[in-house]
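Taking it in order: structure first as structure tokens, then the write-up.
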Amino acid sequence: MVKICCIGAGYVGGPTMAVIAVKCPSIEVAVVDISISRIQAWNSDHLPIYEPGLDEVVKQRRGKNLFFSTDIERHVAEADIVFVSVNTPTKTRGLGAGKAADLTYWESAARMIRQDCRREILSNPEFLAEGTAILDLFNPDRVLIGGRETSDGRKAVETLKSVYAHWVPEDKILCTNLWSAELSKLAANAFLAQRISSVNAMSALCEATGADVAQVAHAIGTDSRIGPKFLKASVGFGGSCFQKDILNLVYICECNGLAEVAGYWKQVIKVNDYQKSRFVNRVVSSMFNTVAGKKVAILGFAFKKDTGDTRETAAIDVCKGLIGDKAHLRIYDPQVSEEQIQRDLALNKFEWDHPAHLQPPAAGADKQVSVVGDAYEAAKGAHAVCVLTEWGEFKGLDYGRIYEGMQKPAFVFDGRNVVDVEKLREIGFIVYSIGKPMDSWLKDMPAVA
Ligand SMILES: NC(=O)C1=CN([C@@H]2O[C@H](COP(=O)(O)OP(=O)(O)OC[C@H]3O[C@@H](n4cnc5c(N)ncnc54)[C@H](O)[C@@H]3O)[C@@H](O)[C@H]2O)C=CC1
Ligand SMILES: O=C(O)[C@H]1O[C@H](OP(=O)(O)OP(=O)(O)OC[C@H]2O[C@@H](n3ccc(=O)[nH]c3=O)[C@H](O)[C@@H]2O)[C@H](O)[C@@H](O)[C@@H]1O
């Protein structure tokens with residue numbers, strides 16, 4: 001029986017290996033991790049990550065050909081194929097700080113594998129998106145395998161290809177050299193993030209001119225060369241990889257003396273940071289240029305809907321900005337715990353991307369922040385509501401009821417174009433929605449761009 005071992009039982013390792021186990025019943029899959037609590041959770045009824053469809057897939061194969069374990073050495077030694085899916089944070093110190101990938105965890109995994117025997121190295125970047133990970137893994141646009149152009153390299157590529165060939169059509173399994181595979185991963189994320197920064201840059205211009213960014217996005221998206229996906233204006237992209245991968249791309253460009261290319265990609269991140277601070281400035285300036293002591297309800301903290309992941313979520317920067325202006329925040333997210341939110345607001349930039357047990361201990365709770373169990377509780381007595389994640393439930397809220405319970409004038413700042421702007425204005429709200437035509441109140445209160 002072919003045996004696979006995956007080092008790293010996180011957002012990528014867990015779902016990817018569970019899908020391999022489902023699609024390849026003849027292969028035994030072990031997912032190993034240094035985090036005991038994470039492995040315990042994978043072996044329990046409460047998986048360590050929230051991902052639609054994941055529970056069913058894990059339950060189907062766990063204990064049959066899918067195992068979660070902390071016995072790393074044994075499973076690596078027994079495996080025919082070893083995947084490495086560990087943290088690759090952005091370096092915070094030394095050479096390349098703030099840009100280069102910190103390969104500490106990767107290197108320690110590689111050294112451990114090397115103790116066992118010599119193996120051929122492949123690059124097999126994963127393209128799943130959180131919230132749709134299981135669907136993406138079942139039906140990928142492509143699988144990418146990079147290998148050395150030697151006979152051993154080609155043989156290793158074929159071995160891995162035969163695993164994916166259990167369910168992925170052959171023409172969707174792309175084989176390249178190692179650098180092509182590595183750069184394709186960074187380029188794919190950079191291109192996707194660039195589309196969001198492009199539409200977000202347009203959202204600022206739409207607000208200034210009276211255009212509607214959703215109409216502009218639709219109009220350009222119907223051009224088959226542009227296409228309709230990834231053109232939703234937002235308060236800013238988040239997630240564990242877009243920023244990290246672009247920074248890494250920038251670093252690699254700089255190492256190769258390509259300053260102009262590096263500067264081009266850096267701009268994607270600059271626009272994203274601008275979008276977040278523009279949102280905070282808009283909230284503060286609309287509310288008489290101060291939110292000191294005011295209650296602001298934050299609806300949504302995850303970096304996108306259908307995930308409990310908060311890594312690099314725009315909500316962190318927005319909340320920190322409002323706290324900096326002395327607001328009192330009442331936060332609700334259907335999937336993110338209070339402990340996680342308090343931890344995120346206390347961590348420094350890039351500190352989050354380390355195994356949980358190596359992160360600094362949680363600081364005490366921020367007194368300006370409380371976390372509540374539903375949207376109505378968050379909005380009760382609030383001066384303003386900010387929508388930061390596009391959870392479906394925020395569309396269907398009874399905004400009439402919310403309005404009744406709020407201070408007046410009551411503001412809604414929609415960072416995700418979720419609410420029905422006209423309906424809310426009829427109720428009596430002053431509404432700001434990213435990239436949408438503004439009402440007279442907002443126009444009379446110009447924000448610092
Ligand atoms: N989250 C995502 O959607 C995607 C992430 N990636 C990349 O995949 C990699 C993993 O990402 P995630 O799964 O999101 O991270 P994660 O933080 O959820 O999981 C990483 C796991 O590796 C474990 N680990 C670290 N060092 C270890 C070692 N030496 N031995 C055993 N276990 C170790 C940690 O305890 C942790 O549980 C990163 O390089 C990331 O950039 C790639 C595609 C998508
Ligand atoms: O390498 C990774 O980690 C993954 O990064 C992204 O996946 P993910 O970050 O999970 O989620 P996305 O759906 O790409 O969303 C990223 C961010 O962009 C935002 N976004 C997305 C689309 C859009 O039109 N507008 C927009 O603001 C989302 O709200 C979210 O904050 C890529 O889509 C995956 O292909 C890749 O594997």
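Here, residue 1 is the first one in the sequence, and each next residue gets the next number. We count ligands from 1, going down the list as the structure has it; atoms in each ligand are counted the same way.
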Can you tell me which residue and heavy atom of the protein come closest to atom 1 (O) of ligand 2, and the distance to 0.1 Å? Lys185 NZ, 2.7 Å
If you measure every N or O of Leu192 against every N or O of ligand 2, does any of those distances drop under 3.5 Å? no
Is Asn189 touching ligand 2 with its side chain, its backbone, both, or neither, if touching means heavy atoms under 4.0 Å apart? side chain
Which of the listed options, Arg416, Lys304, Arg195, holds the heavy atom that is closest to atom 15 (O) of ligand 2? Lys304
Are any of the N or O atoms of Ser35 closer than 3.5 Å to those of ligand 1? no
Note the single closest protein heavy atom to atom 30 (C) of ligand 2, along with its residue, its atom name and the distance in Å. Phe303 O, 3.5 Å
Select the closest option to atom 31 (C) of ligand 1 among Leu128, Ile7, Thr16, judged by heavy-atom distance. Ile7
Heavy atom of the protein closest to atom 25 (N) of ligand 2 (residue, atom name, distance): Lys232 O, 2.8 Å
Could you say whether the N/O atoms of Gly13 and ligand 1 ever approach to under 3.5 Å? no
Asp136 side chain to Ala129 backbone, donor-acceptor under 3.5 Å: yes
So which of Leu186, Asp306, Leu231, Ile196 gets nearest to atom 18 (O) of ligand 2, if we judge by its closest heavy atom? Ile196
Top protein contact for atom 37 (O) of ligand 2, by heavy-atom distance: Leu128 O, 2.7 Å
At a non-hydrogen distance cut-off of under 4.0 Å, which region of Ser85 contacts ligand 1 (side chain, backbone, both, or neither)? both
If the cut-off is 4.0 Å to any non-hydrogen atom of Lys185, which atoms of ligand 1 fall inside it? 43 (C)
Under 4.0 Å from a heavy atom of Lys244: give me the atoms of ligand 1 that qualify, with their elements. 40 (C), 41 (O)
Counting from 1, what ligand 1 atoms have a heavy atom of Gly10 closer than 4.0 Å? 13 (O), 16 (P), 18 (O), 19 (O)
Show the atoms of ligand 1 that are less than 4.0 angstrom away from any heavy atom in Cys241. 4 (C), 5 (C), 6 (N), 40 (C), 41 (O)
Under 4.0 Å from a heavy atom of Asn87: give me the atoms of ligand 1 that qualify, with their elements. 17 (O), 20 (C), 21 (C), 22 (O), 23 (C), 24 (N), 25 (C), 34 (C), 36 (C)
heavy-atom search around atom 27 (O) of ligand 2 in the protein gives Ser234 OG, 2.6 Å
Could you tell me, atom by atom, which parts of ligand 1 come under 4.0 Å of a heavy atom of Ser108? 29 (N)
For Arg311, is the nearest heavy atom under 4.0 Å from an atom of ligand 1? yes
Identity of the nearest option to atom 7 (O) of ligand 2, non-hydrogen atoms only, from Ala133, Ser240, Ala129, Ser197: Ala129
Compute both the distance and the angle, then confirm whether Arg62 meets the cation-pi test with Phe67: under 6.0 Å from the six-membered ring centre, within 45 degrees of the axis. no
Could you identify the single nearest non-hydrogen protein atom to atom 6 (N) of ligand 1 and state the distance to 0.1 Å? Val12 CG2, 3.6 Å
Is it true that Arg343 and Glu351 make a salt bridge, defined as a side-chain N closer than 4.0 Å to a carboxylate O? no
Over 60° means perpendicular and under 30° means parallel, so classify the ring planes of Tyr399 and Phe429, tilted if in between. perpendicular
Counting the benzene-type ring for Trp, do Trp265 and Tyr251 have ring centres under 6.0 Å apart? no
Going by heavy-atom distance to atom 35 (O) of ligand 1, choose the closest among Asp33, Val31, Ile49, Ile39. Asp33
Of the protein's non-hydrogen atoms, which lies at the shortest distance from atom 14 (O) of ligand 2, and what is that distance? Phe230 CZ, 3.1 Å
Salt bridge between Glu78 and Lys3, side-chain N to carboxylate O under 4.0 Å? yes
Determine, using heavy atoms of Lys305 and all atoms of ligand 2, whether some pair is separated by less than 4.0 Å. no
Can you tell me the protein heavy atom closest to atom 35 (O) of ligand 2 and the distance? Phe127 O, 2.7 Å
When you measure from atom 32 (N) of ligand 1 to every protein heavy atom, which one gives the shortest distance, and what is it? Ile34 N, 3.3 Å
Determine whether Tyr332 and Glu393 make a side-chain contact, defined as any pair of heavy atoms from C-beta on separated by less than 4.5 Å. yes
Please report whether ligand 2 has a polar contact with Ala233, defined as an N or O pair separated by less than 3.5 Å (distance criterion only). no
I'd like to know if Asp273 and Lys276 make a salt bridge, using a cut-off of under 4.0 Å between side-chain N and carboxylate O. yes
contact_flag Lys229 ligand 2 heavy-atom lt 4.0 Å: no
